Amino acid sequence: MMIYQLKVTIRHMKPPVWRRVLVNGDTTFIELHKTIQSLFEWEDYHLHGFEVIRSNGETVSKKMIRIGTDDDQNEFFFLGARYDYDEKEEKINRWLNKEKDRLLYTYDYGDNWEHDIILEKVLPPEEDQTYPTCVKVKGAAPGEDSRGDWISGEVAMEEIVPNELVSEINERLVSLAKPVSIKQGKNNWGYLFKLANQFKQLEPWKVMSDNEVFVVELPDNQKVFCFVIGGINSEYGLSVFIGDEGLTTMTKIVSSGYTEEKIFEQRSLLLTFSDRSDLSNEDYKLIKKEQLTYRGKKQWPQFRSFEPGKYPWYLSDKEVEWFICILDQAIHVVQKVIAGFSLPLFGEPKLFARVVENQNETMVWKDDWMIIEDYSPVQRKKYHLMIDELQLERLKKSYRKKNQSYEVETILHRNPVQEHEGERPYFPIIFLALERKHGMIVFHKMMETNDDTGTQIQQTFMSMIESLQAIPREVFMTEKDYAVLRPLTTRLGISVLKVKHLTNIENVKRML
């Protein structure tokens, strides 16, 4: 059984209030409810429920999925509405499958305390450790029935000592804690290196071009698009683009060429055969742990994971499992090509695929063809208002509209930030606002790149207004920020002008 690292954040709290907790993936939703009650020292006086927001890497949009306990009180409160699944029976690992999958937990439908629950990592259990266990905290939690006081500003947030609060929370979690047995599984890294060596020995770059593509449909239904890379004075290996997001990135690369910008927006995995000098210490340790050695140039296997807004990093446990499946099927495809099979080129409507079927509880791979109906880039995500309504009304009453015009843009900074040793660095987002007439910087803030960036940007726009103590008459912005901020600027009555380039901000960006 794997351990889930969850970040649980109370929405619309300023400064932020969140807890990071490790739980057994086999945890039921009622057990998760009790864990959250302990994390924030709620007293379970009120109704609660869960909603699935993102599962298996996909946002749930067609139908609301609600998980809770149906009883007379709940049906009376919701006018007969019932939950889709029983929290006493349902386990979180059915819905939280991939990093960034998300739940919404609501406690007290009067005060309406909403908690975002994000799956950050899937980890192996540690020996002699019990779960759940809290590992990090931010901010003091509000008390029961205090929402009105928080909105009116009558409550000042208490100062906390993080380590002491973590200890207090874990004392409360003792009654819920259970040991997890550790089973020794197969050596995934050893097997992955074995497959990489087999792939390299086939020298696929001699028989395949870098615009030939094949698809692998993984056991969890994730589709990946695979390209052999190689050539004179080039890297050799396999590039894997994941899902619709990866397909969009690959389409852009094919149409406009590979640029440094693509590093910051692609979702992909990469195997390259590099020189010894190109390996990091971590790469070298992984290889030596398996008692492997290589001689010559372009011989040492190196694996990397790419995510939008994140620094290229080492594979997660899940990505190692993915790459084992991918390389296993890539070897099969290369052998077919060596035997005379012709692969379609990227952009053709029908692509060759390796897909898996479950036959009598055994995974069986087979050849198939997959129709790709649309190679056009995925449309930009549609955003809604992600600011608390009462917070918005309070801002409108506090500040008047003034005849001011600004340029606003969010910029991905090229210098990665690593907050804690061993954690994956990210490229921070800079929120920048300039006075349009004279080009003076009037507001700036650095933000972490994560799955909740849209909410951060809207909240930072609100912070800009508070800093300037005025609501501007008009704001100029590019399309990417227009999509995020339009729901908020509309409610504030701000005129928004969408432009291709922001002259003053372009000048600032050249200096960054």
Side-chain angles (χ1 to χ4, degrees), residues 124 185-210 212 216 224 226-242 246 249 253 258-264 266-307 310-335 337-338 414-418 420-427:
K186 64 182 180 182
N187 181 358
N188 283 347
W189 271 107
Y191 190 42
L192 182 59
F193 282 125
K194 178 182 177 182
L195 291 171
N197 292 340
Q198 292 176 12
F199 181 77
K200 180 180 63 176
Q201 288 169 6
L202 291 173
E203 298 184 306
W205 35 86
K206 291 186 176 181
V207 295
M208 297 169 65
S209 66
D210 58 8
E212 290 178 304
V216 176
V224 298
C226 306
F227 299 79
V228 169
I229 54 176
I232 299 174
N233 298 322
S234 177
E235 289 184 320
Y236 298 89
L238 184 70
S239 187
V240 180
F241 292 84
I242 301 172
T249 303
I253 291 173
Y258 192 85
T259 63
E260 187 182 1
E261 289 289 336
K262 302 298 187 299
I263 295 176
F264 300 99
Q266 69 187 43
R267 178 65 181 113
S268 65
L269 304 176
L270 179 66
L271 162 64
T272 54
F273 296 99
S274 307
D275 296 342
R276 167 65 182 90
S277 59
D278 294 329
L279 302 183
S280 71
N281 289 336
E282 185 67 24
D283 293 322
Y284 187 67
K285 287 178 183 177
L286 283 171
I287 292 172
K288 298 310 290 183
K289 184 179 179 181
E290 303 304 325
Q291 299 181 338
L292 298 171
T293 188
Y294 301 90
R295 294 185 181 278
K297 292 188 174 183
K298 308 295 184 183
Q299 296 296 313
W300 296 76
Q302 183 182 58
F303 295 90
R304 285 294 181 269
S305 165
F306 295 83
E307 287 190 37
K310 302 289 183 66
Y311 189 77
W313 203 237
Y314 310 105
L315 302 186
S316 67
D317 290 342
K318 186 68 173 179
E319 289 170 333
V320 171
E321 293 177 8
W322 281 355
F323 230 135
I324 286 173
C325 287
I326 292 164
L327 272 178
D328 196 23
Q329 301 315 306
I331 289 168
H332 173 87
V333 173
V334 174
Q335 289 171 336
V337 171
I338 291 173
R414 300 301 179 84
N415 294 329
V417 172
Q418 187 179 42
H420 305 285
E421 185 177 355
E423 286 190 357
R424 184 173 193 160
Y426 64 89
F427 296 102

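Every heavy atom of this structure was used, including side-chain atoms; hydrogens, water molecules and symmetry mates were not. The structure presented is a predicted model; accordingly, all values stated were derived computationally and were not measured. Count residues from 1 along the sequence.
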I'd like to know whether Arg276 forms a side chain to side chain contact (heavy atoms under 4.5 Å, CB included) with Tyr284, so could you lay out the CA-CA distance, the side-chain angles of the two residues, the decisive distance to 0.1 Å, and finally the verdict. CA-CA 8 Å; Arg276 167 65 182 90; Tyr284 187 67; 3.3 Å; yes
Pair Arg424, Glu307 - check side chain to side chain contact (heavy atoms under 4.5 Å, CB included), show working. CA-CA 11 Å; Arg424 184 173 193 160; Glu307 287 190 37; 3.3 Å; yes
Using distance alone, with no hydrogens and no angle criterion, decide if [X] and [Y] have a side-chain donor and acceptor under 3.5 Å apart.
| X | Y | value |
| --- | --- | --- |
| Arg304 | Thr272 | no |
| Ser274 | Tyr236 | no |
| Glu282 | Ser280 | no |

[X] and [Y]: which non-hydrogen atoms are nearest, and at how many Å?
| X | Y | answer |
| --- | --- | --- |
| Leu195 | Ile331 | O-CD1, 3.7 Å |
| Pro301 | Ile287 | O-CD1, 3.7 Å |
| Thr249 | Gln266 | CG2-CB, 3.4 Å |
| Ala330 | Leu238 | CB-CD2, 4.1 Å |
| Asp210 | Phe227 | O-CD2, 3.6 Å |

Using side-chain heavy atoms (C-beta onward) and a distance below 4.5 Å, is [X] in contact with [Y]?
| X | Y | answer |
| --- | --- | --- |
| Leu269 | Val224 | no |
| Ile229 | Trp205 | no |
| Leu270 | Ser239 | yes |
| Tyr426 | Gln418 | no |
| Trp322 | Val216 | no |
| Cys226 | Phe241 | no |

Looking at [atom1] of [X] and [atom2] of [Y], how far apart are the two atoms once the value is rounded to the nearest 0.5 Å?
| X | Y | atom1 | atom2 | result |
| --- | --- | --- | --- | --- |
| Leu292 | Trp300 | CG | CH2 | 9.0 Å |
| Leu327 | Tyr191 | CG | OH | 10.0 Å |
| Phe193 | Gln291 | CZ | CD | 13.0 Å |

Which label fits Tyr311 and Phe427: parallel for a plane angle under 30°, tilted from 30 to 60°, or perpendicular past 60°? tilted
Examine distances only and state if a side-chain atom of [X] and a backbone atom of [Y] form a donor-acceptor pair shorter than 3.5 Å.
| X | Y | value |
| --- | --- | --- |
| Asn188 | Val320 | no |
| Glu319 | Ser305 | no |
| Lys200 | Gln299 | yes |
| Arg267 | Phe306 | yes |
| Glu321 | Lys318 | no |

Using 4.0 Å as the upper bound for N to carboxylate O, is an ion pair formed by [Y] and [X]?
| X | Y | result |
| --- | --- | --- |
| Glu203 | Lys206 | yes |
| Lys288 | Asp283 | no |
| Glu290 | Lys194 | no |

Leu202 and its side-chain contact (heavy atoms from CB on, under 4.5 Å) partner, picked from Val228, Val334, Val207, Val337: Val334
Under 6.0 Å between ring centres: does that hold for Phe323 and Phe303? yes
